[in-house]
Structures are given as C-alpha cells and as structure tokens.
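Naming convention: chains lettered A, B, ... in sequence-line order (proteins, then strands); numbering from 1 in each chain.
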Amino acid sequence: MTHKCIHWFRKGLRLHDNPALMAALRDCKELYPVFILDPHLFDKTRVGLNRWRFLVGALTDLDRSLQKLNSRLFVVRGRPEDVFPQLFTEWKITKLTYEFDTEPYSASRDKRVTALAKEHKVEVVYKVSHTLYDIDRINEENNGKAPLTYNRMQAIVKTLGPPKKPVAAPTVEDVKGLKTPHLGNDMNYYGVPALDELGHDTLELGEEPFPGGEQEALRRLEEHMKKSGWVCSFEKPQTSPNSLSPSTTVLSPYVAFGCLSARTFWWKLTEVYQGKKHSDPPVSLHGQLLWREFFYTASVGVPNFNKMEGNPVCTQVDWDSNHDYLAAWREARTGFPFIDAIMTQLRREGWIHHLARHAVACFLTRGDLWISWEEGQKVFEELLLDGDWALNAGNWQWLSASTFFHQFFRVYSPVAFGKKTDKNGDYIKKYLPILKKFPAQYIYEPWKAPRSVQQAAGCVVGKDYPRPIVEHEVISKKNIQRMKLAYAKRSGNSDESASKKQGVKREAPSVVHMLKKKGKK
DNA sequence: CAACGGTTGTTCTC
DNA sequence: GAGAACAACCGTTG
C-alpha cells in the first residue's frame with residue numbers, strides 16, 4: 001500500500017470493465033477519482049443542453065457508485081495542464097491512471113499531462129477499454145493504413161480473434177485498506193456540476209428519455225438483451241427511422257460516454273447468440289459495434305479526419321456556404337415535414353434513428369442543400385447525446401459520399417423515404433403538431449394540398465408552416481451532376497499523388513466503358 | 001483490365 | 001413483394 005493515486009475519468013464513466021481504474025486500486029493507499037471539466041471540451045456552444053444533462057447525470061451516477069465504495073468523485077474545473085500540477089503537489093500523488101483515448105485533442109492533451117506527471121515523479125498507467133480492440137493494432141495489421149472498407153476491416157479483426165473479455169467492477173473487497181481523503185467535505189468541494197453551470201437556459205429542458213449514467217446503461221442493456229429473439233434477428237437496415245418509440249437500443253449515448261463498455265455489450269450479445277440462429281455483421285448488433293470500431297480505426301489512420309481539406313481520403317467538393325439554408329435545416333424549417341420532424345426530435349431529445357440521420361445528412365449535403373458535411377458535423381456534435389468525434393466525422397463523410405460510400409446517385413427523398421415506414425405520418429404529427437390535422441395524403445408534402453385542405457387543417461403553407469426551400473426533384477438531379485464532377489476531379493488529382501505514393505494509376509472515366517450491367521442474379 | 005460487392009435509393013412494372 | 005431501370009460511383013480482387 002504505497003501509492004497515492006489519481007484515476008482520471010474522461011470517457012469511460014463507469015466502474016465495470018475499467019482496467020485502468022483497477023490498476024489504480026493496486027498497491028494504493030489513497031485514491032482520488034477525478035473528472036476534469038476542461039473548457040476546451042465543455043462549453044455551451046459545443047455541448048448542447050441535452051448532452052450536458054446526460055454528462056451531469058453520468059457524473060452524478062459515478063459519484064454515487066464511488067461513494068458506495070467509500071470513495072467519491074472529484075470534479076475539477078480548468079485545463080488539465082493547469083489542474084494536474086496543482087493536484088500532484090497538493091495531494092502528493094505518485095500514480096496517475098486513465099483509459100486510452102484516440103481522439104487527436106485527447107492524444108495531445110495526454111502527452112502533455114504525461115510529461116507533467118514525469119516532472120512530478122508521478123507514474124502513469126493507461127489501458128485500452130473504450131474500443132473493442134487496440135485501434136493501433138488494427139492499422140498495423142493492415143500495413144499501417146486504415147482499412148477503408150468494412151469487409152477489409154472484418155478480415156483484419158478476424159485475425160485478431162474476439163475482443164478481450166470485460167473486467168469486473170471493483171468490489172468493497174477491492175478497495176479494502178485504501179481511503180479517499182476529503183470524503184466528508186461539503187458537496188461544493190470539487191462537486192458534480194449543476195445543470196446551469198455552462199450557462200444554458202435550463203428552462204428549455206424537456207423530458208429526459210435517456211438519462212445518463214452507468215446504472216441506467218446496464219439496465220437498458222439488460223432490458224434489450226432479455227429479448228433474445230429480437231436481438232438474434234436484429235438487422236439495422238430493417239429498423240424504422242420514424243417509429244414513435246425507438247426501433248433500436250439507444251445504447252449509443254452510453255457507449256459514447258463510456259457508461260457502457262463496448263466489450264461488455266459485445267460479450268453480452270455473444271451470450272445471447274449462443275446456440276441460436278442469429279444475424280451477422282454488418283447488419284447485426286455485433287455488426288454495429290464493428291462499425292464503431294471501423295470509424296475509430298479510420299479516425300486514427302486518416303489525418304484531418306474531421307475535415308475535408310487536408311483529408312487524403314475525402315473527396316474535395318465545392319460545397320456552397322448558404323447561411324439561410326443551413327439555418328433552415330438546423331432550425332427545422334426546411335418546409336419538408338419529414339426533415340423538420342427529425343431535426344425537431346434531435347433538438348428536443350438529443351437522439352434520432354440512424355436512418356433519420358441519413359435522411360437529414362443527405363438532404364443537407366449532396367442531396368439538396370449542397371452544404372458542407374462539416375457544418376452538419378458541428379450541429380450533430382452539439383445536439384446528439386451520442387456525439388462521438390470519430391463516428392460523427394466518419395458518418396458525415398459516408399452520407400455526403402465523400403469517402404467510404406460512393407454511390408452518390410442514390411439520393412434519399414425527403415418525401416418518399418419516411419413514407420416506407422410511416423405511411424400516416426404519425427411521426428411528423430408528433431414532432432410538428434402544426435401539421436397534425438393534415439390528411440395522410442399530403443402530410444409529407446403539405447404544399448401540394450389544395451388551399452381548402454390547408455385551411456381545414458388549420459395550417460396554411462407559407463404562413464403557418466414554411467414552403468419547401470428547394471425543389472427536391474430538380475435540385476437533387478443537379479447535385480448528382482455536381483458530385484460526378486467532383487469525383488472526376490478527384491480521379492484526376494489523385495493520379496499524381498497516388499502514383500507518387502504507391503504507383504496506383506487512376507484515370508478520368510472514359511466515355512464508353514459503361515455497358516449496362518445485369519442486376520444481381 | 002474487368003468483374004464483384006457494397007448495412008440502409010426511387011420509381012415503375014409485373 | 002420482387003425485379004428491373006434509372007445513371008453509374010468506389011476499393012478490392014484476380
């Protein structure tokens with residue numbers, strides 16, 4: 001029992017499957033569980049109220065769980081570079097533990113903190129537990145480059161075997177003989193933040209369908225895993241983007257903050273699958289966790305992954321900057337009820353179905369508004385409970401057909417897509433009650449309703465609800481041509497750079513080599 | 001070089 | 001409800 005140890009929580013806001021926390025408990029006489037409110041990560045403009053509330057919930061839950069182990073959480077305000085030297089000295093710290101984090105900011109931050117720890121003669125221990133695998137290992141197995149297709153990714157992962165088994169949460173037995181000083185101090189002493197601490201208007205708060213925290217995460221996991229038939233037959237593309245209650249697990253916010261370990265989720269699924277016929281990646285629930293791994297791998301292997309410029313795998317597109325269009329999209333007033341309902345749900349609840357994200361992302365970028373995916377990325381990062389740097393950047397590039405996905409001629413219709421799973425428009429009526437009296441025939445395109453129908457519904461388009469800001473049938477065809485042009489330039493450009501790099505030659509598409517292909521057999 | 005497969009398009013026809 | 005046309009991309013594989 002020699003160490004005075006800080007375990008630094010960042011993501012990984014949990015006790016289960018937390019190997020770095022377990023490392024902190026080893027040979028420890030004084031334990032200080034710390035979370036830092038880094039102003040670079042947490043400010044009002046970057047963290048919307050719902051996501052902030054989720055975090056506060058997660059920290060509250062973590063504090064409670066630590067108290068059951070005769071410890072507590074210390075929430076410290078400030079930049080980690082400023083905070084740690086003070087804490088090292090004040091608490092006479094000898095060891096620092098944390099969970100490995102792949103994000104560029106985190107990596108540079110952790111490097112700086114590790115250097116400071118060294119100056120203070122503090123031993124640093126970190127463990128991989130946010131992802132299924134050590135992401136660097138995957139890239140190494142692929143000759144040092146990120147796999148750019150899911151198939152390739154799967155092949156690599158296969159050679160690595162299944163993910164590590166999760167480690168159990170610490171028990172009272174594990175913390176025997178160690179103490180956490182300042183336990184009895186009042187709540188304000190490094191206390192969990194209040195909801196208004198970032199300066200949000202908390203009056204805007206609605207209900208909380210997805211409260212933050214490890215306990216809620218594990219409860220939610222159990223609730224879904226009990227439905228073994230549902231789990232075994234799960235196919236993501238078959239789930240509905242506009243059901244009135246979520247058609248998927250909504251475990252993503254918990255995995256993003258690390259309230260739920262991806263490995264715990266993985267092995268729980270394995271258990272449920274055991275001996276049963278079940279769906280497989282990419283569409284299965286295991287497959288969803290591998291998608292997460294896929295984007296994490298790309299985010300580590302590709303420089304400037306959250307940007308278009310300087311991102312070697314991202315097609316360079318001449319996106320417009322149209323503030324009016326962007327604001328209309330963000331504020332749910334595009335005049336397309338399906339799009340506006342989704343954006344309303346996003347703003348109100350902080351979660352929307354994956355395919356709903358597809359619809360609004362395609363609409364913002366290559367489908368209709370021709371606005372950069374980086375703008376959408378910012379909005380999602382602020383508003384989504386499950387906002388995750390790697391997944392957000394990766395999926396925006398996917399949907400904008402900038403990389404990973406290239407069939408840019410497949411455009412989601414802001415009218416037709418939602419109808420497939422919600423013919424009556426109940427989802428629209430829920431989130432846009434102004435339209436609730438519209439007959440189903442017109443609910444997806446109210447501007448087509450005769451004046452008399454609009455008046456009878458108590459909603460005149462152009463007065464009570466906006467006219468559509470674009471004509472989808474026209475603009476989407478134009479945009480496909482603009483994408484085609486961007487791709488043609490891409491082939492031209494990469495001709496030089498690619499041949500330098502690895503001798504791969506690519507030519508601008510020639511006119512005639514497109515014979516009709518037969519469909520699948 | 002050509003064929004193949006790609007989590008999740010739309011619309012029309014049978 | 002399945003299949004084809006629509007216009008046609010990429011990375012990977014052989």
A.B. asks: Would you kindly give the NZ-to-P distance between A:K478 and C:dA7, to the nearest whole Å?
C.D. replies: 19 Å
A.B. asks: Under 6.0 Å between the ring centres of A:H358 and A:F417?
C.D. replies: no
A.B. asks: With heavy atoms under 4.0 Å as the rule, sort A:Q481 into base, sugar-phosphate or nothing.
C.D. replies: sugar-phosphate
A.B. asks: Check whether any side-chain N or O of A:S491 sits under 4.0 Å from OP1 or OP2 of C:dC10, and answer yes or no.
C.D. replies: yes
A.B. asks: Does A:E309 pair with A:K307 as a salt bridge, N-O distance under 4.0 Å?
C.D. replies: no
A.B. asks: Given atom CZ of A:F405 and atom P of B:dG9, what is their separation to the nearest angstrom?
C.D. replies: 7 Å
A.B. asks: Can you tell me how far P of C:dA7 sits from CD1 of A:I480, to the nearest Å?
C.D. replies: 10 Å
A.B. asks: Distance check needed: C:dA8 C1' versus A:R410 CZ, whole Å only.
C.D. replies: 10 Å
A.B. asks: Using a cut-off of 4.0 Å on non-hydrogen atoms, how would the nucleic acid contact of A:V283 be classed: base, sugar-phosphate, or nothing?
C.D. replies: base
A.B. asks: Got a list of protein N/O to nucleotides 12-14 of chain B N/O distances below 3.5 Å?
C.D. replies:
none

A.B. asks: Give the rounded distance in Å between these two atoms: CG of A:L485 and C1' of C:dA7.
C.D. replies: 16 Å
A.B. asks: Take atom CG of A:L289 and atom P of B:dT7, then tell me their distance rounded to the nearest Å.
C.D. replies: 17 Å
A.B. asks: Regarding A:E204 and A:R347, does a basic nitrogen lie under 4.0 Å from an acidic carboxylate oxygen?
C.D. replies: no
A.B. asks: Considering just the side-chain nitrogens and oxygens of A:K484, establish if one lies under 4.0 Å of OP1 or OP2 belonging to C:dA8.
C.D. replies: yes
A.B. asks: Is it true that A:D320 and A:R482 make a salt bridge, defined as a side-chain N closer than 4.0 Å to a carboxylate O?
C.D. replies: yes
A.B. asks: Taking only residues two or more places apart in sequence or in another chain, which ones pass side chain to side chain contact (heavy atoms under 4.5 Å, CB included) with A:V250?
C.D. replies: A:F210, A:R220, A:P246, A:P253, A:W351
A.B. asks: Can you tell me which nucleotide in C:dC9, B:dT8, B:dT10 comes closest to the side chain of A:W398?
C.D. replies: B:dT8
A.B. asks: Between P on C:dA7 and CE on A:M483, what's the gap in Å once rounded to a whole number?
C.D. replies: 18 Å
A.B. asks: Does a side-chain N-to-carboxylate-O contact under 4.0 Å join A:E103 and A:K11?
C.D. replies: yes
A.B. asks: Of the nucleotides B:dT8, C:dT12, C:dA7, which has the atom closest to the A:T149 side chain?
C.D. replies: C:dT12
A.B. asks: Measuring only the C1' atom in each nucleotide, how far is B:dG5 from C:dA8? A whole number of Å is fine.
C.D. replies: 15 Å
A.B. asks: Does DNA chain B take part in any stems of at least 3 consecutive Watson-Crick or G-U pairs (both distances under 3.5 Å), and if so, which ones?
C.D. replies: B:1-6 with C:9-14, B:9-14 with C:1-6
A.B. asks: Between A:R152 and B:dG5, is there a contact of a side-chain N or O with OP1 or OP2 at under 4.0 Å?
C.D. replies: no
A.B. asks: Would A:R219 and A:E222 pass as an ion pair if we require N to O under 4.0 Å?
C.D. replies: no
A.B. asks: Centre-to-centre under 6.0 Å for A:F404 and A:F295, is that the case here?
C.D. replies: yes
A.B. asks: What nucleotide among C:dC10, B:dT7, B:dT11 has an atom nearest to a side-chain atom of A:A416?
C.D. replies: B:dT11
A.B. asks: Contact class for A:K420 vs. all strands (heavy atom < 4.0 Å): base, sugar-phosphate, or nothing?
C.D. replies: sugar-phosphate
A.B. asks: Does the pair A:R137/A:E140 count as a salt bridge with the N-to-O cut at 4.0 Å?
C.D. replies: yes
A.B. asks: As a test of reading the structure: which of C:dC9, B:dT10, B:dT8 is closest to the side chain of A:Y487, going by heavy atoms?
C.D. replies: C:dC9
A.B. asks: If you take the centroid of each ring, where Trp contributes its six-membered ring, are A:W447 and A:F336 closer together than 6.0 Å?
C.D. replies: yes
A.B. asks: Give the rounded distance in Å between these two atoms: CH2 of A:W291 and P of B:dT7.
C.D. replies: 4 Å
A.B. asks: How far does the P atom of C:dA4 sit from the matching atom of B:dC4, given to the nearest Å?
C.D. replies: 16 Å
A.B. asks: Tell me if the centroids of the rings in A:F54 and A:Y254 come within less than 6.0 Å of each other.
C.D. replies: yes
A.B. asks: Between B:dT13 and C:dA7, how many Å separate the two P atoms, rounded to a whole number?
C.D. replies: 16 Å
A.B. asks: Heavy atoms under 4.0 Å, any strand shown: does A:Q288 hit a base, just sugar-phosphate, or nothing?
C.D. replies: base
